[in-house]
Amino acid sequence: MSKYLVTVGLETHVHLKVKSKLWCGCSTAFGAEANANTCPGCLGFPGTLPVVNREAVRLAVTGGMMLGCEISRYSTFDRKSYFYPDIPKNYQITQSLRPFCVGGGVEIRNEELGIRNEALGVRNHSVKRIRIHHIHLEEDAAKINHYARFSGVDFNRGCMPMIEIVTEPDMSSREEVMAYLHTLRQILIYAGVSDCDMEKGQMRSDVNVSIRPEGQEKLGTRVEIKNMNTFKGIDAALEYEIARQIHALTHGGRLVQETRRWDPDAGETQSMRTKENAHDYRYFPDPDLVPVVLSEEQIETWRAALPELPSARRERMVREYGIPEYDAGVLADEKANADFFEAAARLCGQGKAVSNWFMTEIMRLLSETGKAISECAFTPEALAELVTLVGGRVINGTTAKELVAEIFEKGGMPGALVEARGLGQVSDTATLEAFVDKVIAENPKSVESYKAGKTAAAGFIVGQVMKLSQGKADPQIVGKLVSEKLANL
Ligand code: ADP
Ligand code: MG
Ligand code: ZN
C-alpha cells in the first residue's frame, strides 16, 4: 500500500478586541439579548452607510506586524455577494484585492512532532515556519440559532470586526495544525488583538485538507471543513477526514473538491456543497467605502508600540530572572501568568523561588479550580512577600503552602497573616532541643531501630518534632539536632 502525505491550510477568523462594530457604533459585548446590539446599519437597511472603525484597522495591522506580514499602504474593501439570512445586505464586506497584511508566518516547534511541548519551551527543538498568505479585515455575519420549529437570526454578531488569517498549505500533520493554532492564538492574545475566547466564538477556523500519494508533487483535491470552533474538534475532524480520504483513494474512489461540516455527535464530516468558485461571489470594490491609506509615519507609530512575542519573552525571562528555559516556557505560555510572575519576581528579586512557587502550588490550584490567575485572590505582591518570608526563614515550607492555599481563595498578605496568628518559624535552638529530647524520650522503639541501622527512623523523629511544634519548627535545624542527638546516644 502506498503512503499518503497530508496537506492542511487554515483560514482562521478572529474577533478583534474592540468595543464597537466595524461600521457602526453598536456594542460588541458578548451575551446581550438577541438583537439588542443592532442599528439600521448593522441590520443592513438600505440607505445606511458604513464608516470604518479606526481601532479595528489598528488591530488588524498590529496582528499582521506580530506575524511578520508586510503592511499595505493602500487597502480597499470588497463586497462578497451571497444570499443567506445571516447577511441582510446580501453581501459581506471583506477584503479581496488589497488586504491590510500580506505574507508573514508563524513559527512552530517540532519536538519530533510531539509539538504540544512547544508550550513548555523544551530544548533541542526544530522550528518550522507556516507561511501566511495574507490577513484581511471583514465583518462577521449574524448568528442563526435553530429551534424546534423555527430558526432565529441574532444580528448582535453581524458586522463584528474580525480578521481572517489565511495560511499557505504548509501543515502536514494534525500535530502541526494544533501547534500552529496554539501559537497563533498565543501571539494574538499577547498582542491584545483578540481574546481568542473559543467559547464565545472569537476564534473559528475553516480547515482545508487534502492527501496525495508519497512522491507526487501536485497537491491533492482539497476538502474544506467549515467553521470549526474548538481545537479538539479540529483535531478530531482532521483525524476522521484524513482517514476518509485515504480510504476513498485506496478503494478506487474519487475525491471531489467540496465543503463539509463536522458533526461532533456522529463523529464524522458530512458534505454540505461542492466547492463554489471565487467568481460565484462576484467580488467587486465596495463603492461606499474609501480606500484606507496608511502613512509611513502611522505604521511606524504602531510598530513602535508592538508588544513582545512569546518566544522573545521566554528568552528574556531566562536572562533577566535566571530561571530555567523550562520554567520560562511554562510561565510564558499564558500572558497573564507571565505578567504575574514578572511582577512578583521584580518585587522580591528572587526569580527562581517565585517561579517554583508559581509553577507548583499556584498552578496546581489554578488547574484544580479551573480558574485563571486574574480570577483568584492572589496578587504578585502577596507572592513576593511569601517568597521573602520563606527565604528569610521566617516561615517554613509547610506554613507557606497553607498560606498559599488560603490566600488563593480569600486574599490577604502573608506577612500580616503570619503576625496575626503567630505562624513564625521556631528556630531558637534551646526550644527545639527540648522538643527533640522529648520526642526521643517518648519513642524508644524508633531510637532502637535507628541504632539497628534503619536511618529512616530519624525522619520519623523529625516528623514528630515538627508535629510537636505545630509545623512551625525550622526543619533544617531540627534535622541537624536529631542527627546529632541520635549519633551521641
Ligand atoms: P479559495 O480562494 O477558494 O478560498 P485558496 O487558494 O485561497 O482558495 O485557499 C484557501 C485555503 O486552502 C488556504 O489556506 C490554502 O492554504 C488551502 N489550500 C489550498 N489548496 C490546498 C490543498 N490542495 N490542500 C490543502 N489545503 C489547501
Ligand atoms: Mg476561502
Ligand atoms: Zn449597528
Side-chain angles (χ1 to χ4, degrees), residues 4-13 18-29 32 35-45 48-53 56 78 80 82 88-89 92-97 99 102-106 129-136 138-142 154-161 164-174 176-177 180-181 184 205-213 216-228 234 237-238 241-242 245 249 255-260 273-281 283:
Y4 288 92
L5 303 175
V6 172
T7 299
V8 179
L10 295 181
E11 299 161 279
T12 303
H13 300 87
V18 286
K19 293 215 163 63
S20 56
K21 291 189 177 179
L22 192 46
W23 323 113
C24 60
C26 291
S27 167
T28 55
N35 296 307
N37 298 337
T38 56
C39 72
C42 56
L43 288 170
F45 280 38
T48 56
L49 286 172
V51 179
V52 70
N53 179 333
D78 301 286
K80 175 181 177 178
Y82 70 93
K89 304 189 293 289
Q92 178 195 27
I93 306 178
T94 178
Q95 299 188 289
S96 170
L97 281 175
V102 181
V106 171
R129 186 175 161 83
I130 308 302
R131 290 168 303 156
I132 289 173
H133 181 270
H134 76 272
I135 302 176
H136 62 259
E138 65 183 21
E139 58 182 3
D140 203 351
D154 180 1
F155 286 96
N156 285 350
R157 202 180 73 184
C159 301
M160 288 250 228
E164 179 174 336
I165 301 141
V166 181
T167 74
E168 298 288 355
D170 281 355
M171 286 158 273
S172 44
S173 67
R174 279 158 57 205
E176 287 187 4
V177 172
Y180 165 79
L181 285 169
L184 177 70
S205 296
D206 299 338
V207 179
N208 299 273
V209 52
S210 65
I211 60 163
R212 65 184 199 279
Q216 177 184 312
E217 247 341 275
K218 192 172 168 294
L219 294 183
T221 303
R222 114 175 104 110
V223 158
E224 179 172 5
I225 312 167
K226 272 286 181 203
N227 217 15
M228 303 288 305
I234 292 173
L238 274 173
E241 184 58 25
I242 292 165
Q245 294 187 11
L249 290 194
L255 292 168
V256 288
Q257 188 171 326
E258 62 179 345
T259 303
R260 297 176 74 89
R273 53 180 186 263
T274 51
K275 175 76 185 171
E276 62 285 330
N277 281 311
H279 65 247
D280 294 334
Y281 288 124
Y283 282 102

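Start at 1 and go down the list; that is how both ligands and their atoms are numbered.
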Kindly write out the residues that satisfy salt bridge (Lys or Arg N to Asp or Glu O under 4.0 Å) with [X], not counting sequence neighbours, or none if the list is empty.
X      : answer
Asp78  : none
Asp170 : Arg131
Glu139 : Lys89

Sidechain-backbone polar pair: Glu176 side chain, Ser172 backbone, donor-acceptor under 3.5 Å:
yes

Provide the number and element of each atom of ligand 1 under 4.0 Å from a heavy atom of [X].
X      : result
Thr7   : 24 (N), 25 (C)
Val166 : 13 (C), 14 (O)
Gly220 : 23 (N)

Counting heavy atoms only, which of Met171, Arg212, Arg222 is nearest atom 1 (P) of ligand 1?
Arg222

Counting heavy atoms only, which of Asn208, Leu10, Thr167, Ile130 comes nearest to atom 15 (C) of ligand 1?
Thr167

Aromatic Tyr283 / basic Lys80 pairing, under 6.0 angstrom, 45° off normal:
no

About how many Å separate CD of Glu241 and CZ of Arg174, when rounded to the nearest 0.5 Å?
13.0 Å

Metal site the Zn ion (ligand 3), protein N/O/S atoms found under 2.8 Å:
4

Short version for Glu168: what comes under 4.0 Å of ligand 1, heavy atoms counted, is backbone

Is the shortest heavy-atom distance from the side chain of Met171 to the side chain of Leu10 under 4.5 Å?
yes

Please report the closest heavy-atom contact between Cys42 and Gly158, naming both atoms and the distance.
CB-O, 4.1 Å

Does a salt bridge link Glu224 with Arg260, judged by any charged N lying under 4.0 Å from a carboxylate O?
no

Before signing off on this row, confirm whether Pro169 and ligand 1 have an N or O atom pair separated by under 3.5 Å.
yes

